[in-house]
Amino acid sequence: MEERRKFRMGMVGGGPGAFIGPVHKMAAELDGKIELVAGAFSQSAERSRGAGAGFGIDLGRAYADYREMIGAERERKDGIDFVVIATPNHLHLPVAVAALEAGIAVMSDKPATATYPEVLELEAAVAKAGVPYALTHTYAGYSLVREARAICTSGKLGAIRKVAVEYLQGWLSTPLEATGQKQAAWRSDPKLNGPGGCTGDIGTHAFHLVEYVIGARVTSLNAALRTVVPGRRLDDDCNALLRMENGATGTLMASQVAAGEGNGLRLRVYGENGSIDWRQEDPNRLRVKWVDGPEEIRHAAGGYLSSEARAVTRLPGGHPEGYIEAFAVLYREFAEGLMAWKDGKPNALPETLPGIVAGVRGMRFIERAIESSRTESWVEF
Ligand code: NAD
């Protein structure tokens, strides 16, 4: 069997004190298929080098600017195979386009861009370049989310009638941005974040999960966005009603002022015959309830799970897998797609991995929710 080298990753963002950049490194490297070799980790050259040292990369490849990184890396024989984008949202489009134009694949964090017009530009750039582009909607990587998806799309629940998704956090219950806290500061600045506050930051994850698990699209919504904390410039609370193409209706609640909540993402889907209930804070258990039968609790790694769930399980039952492993599932699928693409197959990323289609849907969701809230009416997608 031919020996494959590891794919080389260059990160943009993930500087000192960053949240998600280090998670990307851990997740990408978990399966031994990828290694971090370069980065423009911060907009300060010194901080970028500091992060590079912390990550243990060759400091000659810790760049001060993402354009410099892409330019220098494409000249190297051992240059990066893909760019991971872990910056505030306003940089997602320019970094992705610069990489795509250089023929370098992209793994971007969500939301795909800062605004809806930007994502249409990105969609065109992805199509033109013909280069792999994926989006880290982390929750799609959990094995029991794959199980929920298999249950819903196999028809076992019968016709899907109702969905209830909630994503409740409490960390912005106070004006944290006014203290200069890094993650809160850019998230409450429309120029760096885009127009959707909580709706864009976590509402997009909830929205993605609904369409991903049910396998049907939202066709219209009626949303009420609010800014609860005085002085905040973007919404921090969102309540929306949904209608879906399969006839189901539902609710989507997203809030960052749900005091006391941590990362409370929960999805419930109700069909004619039964329902599923999954919580991100208890991710190794999926509740399945039947109209006429006992309640089941399915455990991650159970031998009885669907092939889709078992394909993304690493450990035997009773050994909890969590956020980093779910993230790593997306990286493993990305690496497989990258390998197939390098072997000459177009559109090589697996359909289980969120990509540009999910990116456009997420940005459309933000734009539609803002419009619905502004006009206090139902809006079509
Ligand atoms: P953060 O503020 O912790 O980190 C952002 C990093 O980008 C910082 O290190 C900052 O120095 C760096 N940066 C800013 N401008 C830069 C530039 N011009 N060049 C290079 N680096 C630059 O933010 P975060 O919480 O890690 O969020 C980053 C992104 O990840 C956001 O888009 C966010 O929506 C997304 N995110 C996704 C998940 C998920 O579950 N998938 C979770 C958290 C955050």
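Start at 1 and go down the list; that is how both ligands and their atoms are numbered.
Between F82 and I34, some side-chain heavy-atom pair lies under the 4.5 Å cut-off. In this structure, the side chains of V12 and M69 come closer than 4.5 Å at one or more pairs of heavy atoms. Using a 4.5 Å heavy-atom cutoff, the side chains of I85 and D109 are not in contact. Taking the side chain as every heavy atom from C-beta outward, W186 and E177 never approach each other to under 4.5 Å. Residues H299 and N284 form no side-chain contact, since every pair of their non-hydrogen atoms from C-beta on lies 4.5 Å or further apart. Put simply, the side chain of K342 reaches to within 4.5 Å of the side chain of D81, judged on heavy atoms.
Ring planes of H205 and H137: perpendicular class, angle over 60° (limits at 30 and 60°). A parallel orientation is assigned to the rings of Y331 and F327, their planes being inclined by less than 30° (bins at 30° and 60°).
Regarding atom 32 (O) of ligand 1, its nearest protein heavy-atom neighbour is N89 OD1, 2.7 Å. Nearest protein neighbour of atom 4 (O) of ligand 1, counting heavy atoms only, is A18 CB, 3.4 Å. Looking at atom 18 (N) of ligand 1, its nearest protein heavy atom turns out to be L91 CD1, 3.4 Å. The protein heavy atom nearest to atom 39 (C) of ligand 1 is T138 OG1, 3.3 Å. Atom 34 (O) of ligand 1 has as its closest protein heavy atom K110 O, 2.8 Å. When hydrogens are left out, the protein atom nearest atom 3 (O) of ligand 1 is Q183 NE2, 2.5 Å; that is the closest non-hydrogen contact. Nearest protein heavy-atom neighbour of atom 11 (O) of ligand 1: K182 NZ, 3.7 Å. The nearest heavy-atom contact from the protein to atom 20 (C) of ligand 1 is A40 O, 3.2 Å.
Of the polar atoms of F19, at least one N or O is found under 3.5 Å from an N or O of ligand 1, judged by distance alone. Below 3.5 Å of separation, one finds no N or O of G21 facing any N or O of ligand 1.
Here is the list of ligand 1 atoms found below 4.0 Å of a heavy atom in T136: 41 (N). Atoms of ligand 1 found under 4.0 Å from any heavy atom of G15, numbered from 1 in the order shown, are 9 (O). Numbered from 1 in the order shown, with element, the atoms of ligand 1 that lie under 4.0 Å from a heavy atom of P88 read 5 (C), 7 (O), 14 (C). Residue contact check: H92 has heavy atoms under 4.0 Å from atoms 32 (O) of ligand 1. Close approach to D201 involves these atoms of ligand 1, each under 4.0 Å from a residue heavy atom: 34 (O). Below 4.0 Å from some heavy atom of A86 lie the following atoms of ligand 1, by number and element: 5 (C), 6 (C), 7 (O), 28 (C).
Heavy-atom separations between Y66 and ligand 1 are all 4.0 Å or longer.
Nearest to atom 31 (C) of ligand 1 by heavy-atom distance, out of I20, V23, T87, L135, is T87.
The environment of R217 atom CZ is sparse: at most 12 non-hydrogen atoms of other residues, nucleotides or ligands sit within 6.0 angstrom.
At a heavy-atom cutoff of 4.0 Å, ligand 1 is contacted by the side chain of Y323 but not by its backbone. Contacts between R187 and ligand 1 below 4.0 angstrom, taking non-hydrogen atoms only, involve the side chain exclusively. The proximity of H205 to ligand 1, defined as any non-hydrogen pair under 4.0 Å, is limited to the side chain.
V228 and Y167 fall into different hydrophobic clusters, where Ile, Leu, Val, Met, Phe, Trp and Tyr residues are linked whenever their side-chain heavy atoms come under 4.5 Å apart, directly or through other members.
A distance of 6.0 Å or more separates the ring centres of Y139 and Y212.
Put simply, the residue from Y116, F207, F365 that forms a ring-ring contact (aromatic ring centres under 6.0 Å, His included) with F381 is F207.
Taking the centre and axis of the six-membered ring of W278, the NZ or CZ atom of R298 falls outside the cone set by 45° and 6.0 Å.
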